[in-house]
Asker: 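Below you'll find the structure I mean.
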Amino acid sequence: MKTRVLVGLSGGVDSAVTAALLLKEGYEVFGCWLDIGLGGRREAEKVAAHLGIPLLVGDIREELEREVCAPFAAEYLAGRTPSPCALCNPKVKFPALLRAAQEVGADVIATGHYARIRRDEEGELGLYRGREKNDQVYMLAGLPKAFLPSILFPLGDLEKKQVRQLARDFGLPVADKPDSMEICFVPQGDYAAWIETRGQVPPPGDFVDREGKVLGTHRGIHHYTVGQRRGLGLSAAARLYVSEIRPATNQVVLSWGDQLQAGTVTCESLNLYSPISQGQEVLLRLRHSKIAYPATISLEEGRARFLLKDPARAPTPGQLAVFYAGDRVLGSGWIVKEA
RNA sequence: UGGGGUGUAGCCAAGUGGUAAGGCACGGGACUUUGACUCCCGCAUCCGUUGGUUCGAGUCCAACCAUCCCAG
């Protein structure tokens with residue numbers, strides 16, 4: 001009997017190829033499109049029709065608002081920089097797909113993410129990075145370990161180029177659709193304006209230097225993130241960067257680029273896949289970028305502190321820190337302000 | 001009012017007779033399933049104004065205007 005799998009179909013290339021590959025491998029495939037209230041269903045329907053699979057529709061508007069949108073706005077107002085995709089996957093997207101899978105009696109779900117789930121020598125399931133070129137495990141590192149047995153990432157061993165070629169080979173109608181790169185619920189890309197349309201408009205305040213000297217006026221703290229350079233509108237002898245956001249005084253602190261380096265990073269709300277230990281050496285990612293910093297773990301109650309071998313540029317409160325051993329993700333945690 | 005200084009793009013600033021550096025800001029692009037960073041490209045037909053000298057002036061001269069400082 002065929003294994004039944006539910007594939008999250010966004011209407012994009014990756015998820016379409018995911019479904020096509022699973023069909024080819026002999027799975028019984030159900031598609032599931034998640035409705036966030038901003039359209040896009042037609043594309044998913046076209047893909048499902050092309051593949052000849054049923055398409056379920058899951059309405060996640062309520063959970064998305066509660067678990068992602070509201071916290072997203074709140075984080076900015078608190079002077080932090082949220083990472084909505086990394087939050088949505090464990091809190092909304094994957095739970096919704098798992099629920100839908102249960103409804104149709106599917107044993108597993110699959111998505112078009114570039115990451116891998118494998119068993120190690122001891123038979124333990126682990127989350128692993130995808131190909132260096134287009135690894136997306138950062139956005140998935142918040143997924144509870146308990147989800148892993150129910151997830152397939154058929155694209156994990158592939159690169160984007162291959163996937164586009166496969167899409168053409170399969171004759172998928174979305175083969176040449178451009179990659180999406182924005183926050184799904186902020187389609188125009190202007191997240192600050194989006195926050196303001198919710199009725200929360202943080203007031204302008206002072207740009208200050210490290211000594212507290214006022215340098216200018218900022219447009220509201222939600223416009224800034226640590227390490228940011230553009231959009232400040234201030235000219236100086238050299239490039240100025242945001243080095244700290246102080247919600248209590250509504251100040252945005254600016255400094256030169258060389259003052260953004262940090263030797264330690266602290267995170268909390270840890271999500272672990274493997275046990276970690278005091279003094280353990282890991283590779284640390286502080287944002288969705290290619291740079292991994294060698295670091296040593298220092299455990300404190302409920303928190304992990306990382307001592308970086310070389311300083312890292314602008315660790316940002318609110319972003320996810322993901323730590324690895326080789327390709328294997330050991331866990332993740334949310335970056336907090338250093339004491 | 002007297003003495004001195006300064007006036008080059010949004011900001012800072014090179015340039016001292018040969019046909020406008022650079023930095024910051026800003027705009028665009030690349031990169032990127034978050035925010036950022038980074039990289040690439042663009043950005044003064046014109047140098048406070050008006051005259052003058054010169055083959056040729058931002059660069060020399062004069063007057064005027066503006067602004068700053070010290071005298072009061």
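By convention in this document, chain letters (A, B, ...) are assigned in the order of the sequence lines, proteins followed by strands, and residues within each chain are numbered from 1. The figures that follow rest on heavy atoms only: side chains count, while hydrogens, waters and symmetry mates do not.
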Asker: What distance, rounded to whole Å, do you find between the two C1' atoms, one in rC55(B) and one in rC70(B)?
Answerer: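 45 Å, rounded to whole Å.
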Asker: Rounding to the closest angstrom, what is the interatomic distance between rU1(B) and rA62(B) at atom C1'?
Answerer: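 Looking at atom C1' only, rU1(B) and rA62(B) are 23 Å apart.
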Asker: For rC46(B), which nucleotide in any strand shown is its Watson-Crick or wobble partner with both distances under 3.5 Å?
Answerer: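 With both distances under 3.5 Å required, rC46(B) matches none.
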Asker: Base, sugar-phosphate or nothing for A238(A)? Non-hydrogen atoms, less than 4.0 Å.
Answerer: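 Sugar-phosphate contact only.
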Asker: Strictly by Watson-Crick or wobble contacts shorter than 3.5 Å, is anything paired with rU67(B), and which nucleotide is it?
Answerer: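 Pairing partner, where one exists within any strand: rG5(B).
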Asker: Do the side chain of Q319(A) and the base of rU34(B) come within less than 3.5 angstrom through a donor-acceptor pair of N or O atoms?
Answerer: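 Yes.
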Asker: Under 6.0 Å from the CD atom of Q162(A), do we count more than 12 heavy atoms belonging to anything else shown?
Answerer: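 Result for CD/Q162(A): enclosed.
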Asker: Do side-chain atoms of H218(A) reach the backbone of V253(A) as a donor and acceptor pair under 3.5 angstrom?
Answerer: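 Flag not set: sc H218(A) to bb V253(A) has no pair under 3.5 Å.
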Asker: Within the 4.0 Å heavy-atom criterion, would you say F72(A) contacts the bases, only the backbone, or no part of the nucleic acid?
Answerer: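 No contact.
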Asker: Can you check the H222(A) NE2 to rG35(B) C1' distance for me, whole Å?
Answerer: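 In whole Å, rG35(B) C1' and H222(A) NE2 are 13 Å from each other.
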Asker: In whole Å, measure the gap between the C1' atoms of rG10(B) and rC26(B) for me.
Answerer: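 Straight-line distance between the two C1' atoms is 8 Å.
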Asker: rG35(B) base to R287(A) side chain: any donor-acceptor pair below 3.5 Å?
Answerer: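 Donor-acceptor pair under 3.5 Å: yes.
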Asker: Please say whether more than 12 non-hydrogen atoms of neighbouring residues, nucleotides or ligands are located less than 6.0 Å from CD in E281(A).
Answerer: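 For E281(A), atom CD is not crowded (no more than 12 foreign heavy atoms under 6.0 Å).
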Asker: Please confirm whether any donor atom in the side chain of T316(A) sits under 3.5 Å from an acceptor in the base of rG35(B), or the reverse.
Answerer: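 When only heavy-atom distances are counted, T316(A) does reach the base of rG35(B) through a donor-acceptor pair under 3.5 Å.
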Asker: If we take the P atom in both rC46(B) and rA20(B), what is their distance in whole Å?
Answerer: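 Straight-line distance between the two P atoms is 12 Å.
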Asker: Less than 6.0 angstrom from the centroid, inside 45 degrees of the normal: does R116(A) satisfy that with respect to the ring of F153(A)?
Answerer: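 Relative to the ring axis of F153(A), which defines the angle, R116(A) lies outside at least one limit.
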Asker: Is there a donor-acceptor pair under 3.5 Å between the side chain of Q136(A) and the backbone N or O of Y114(A)?
Answerer: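 Yes.
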Asker: Between the protein and nucleotides 26-31 of chain B, are there any N/O to N/O pairs under 3.5 Å, and if so, what are the atom names and distances?
Answerer:
from    : atom 1 : to      : atom 2 : distance (Å)
rC26(B) : OP1    : G231(A) : N      : 3.0
rC26(B) : OP1    : L232(A) : N      : 3.4
rC26(B) : OP1    : G233(A) : N      : 3.3

Asker: Quick one: are the ring centres of Y76(A) and Y191(A) less than 6.0 Å apart?
Answerer: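 Centroid separation for Y76(A) and Y191(A): below 6.0 Å.
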Asker: If the glycosidic angle is within 90 degrees of 0 it's syn, otherwise anti, so just tell me which one rC39(B) is.
Answerer: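 Anti, which is what one calls it when the glycosidic angle falls more than 90° from 0.
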Asker: Examine rC37(B): is either OP1 or OP2 under 4.0 Å from a nitrogen or oxygen in the side chain of Y224(A)? Give yes or no.
Answerer: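 Negative; the distance criterion is not met.
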Asker: Answer with yes or no after comparing the ring centroid distance for Y293(A) and F306(A) against a 6.0 Å cut-off, counting only values under it.
Answerer: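 Y293(A) vs F306(A): aromatic centres not under 6.0 Å.
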Asker: Once you apply a heavy-atom cut-off of 4.0 Å, does Q136(A) come out as touching a base, just sugar-phosphate, or nothing?
Answerer: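 Base: the residue Q136(A), judged by heavy atoms under 4.0 Å, touches a nucleobase.
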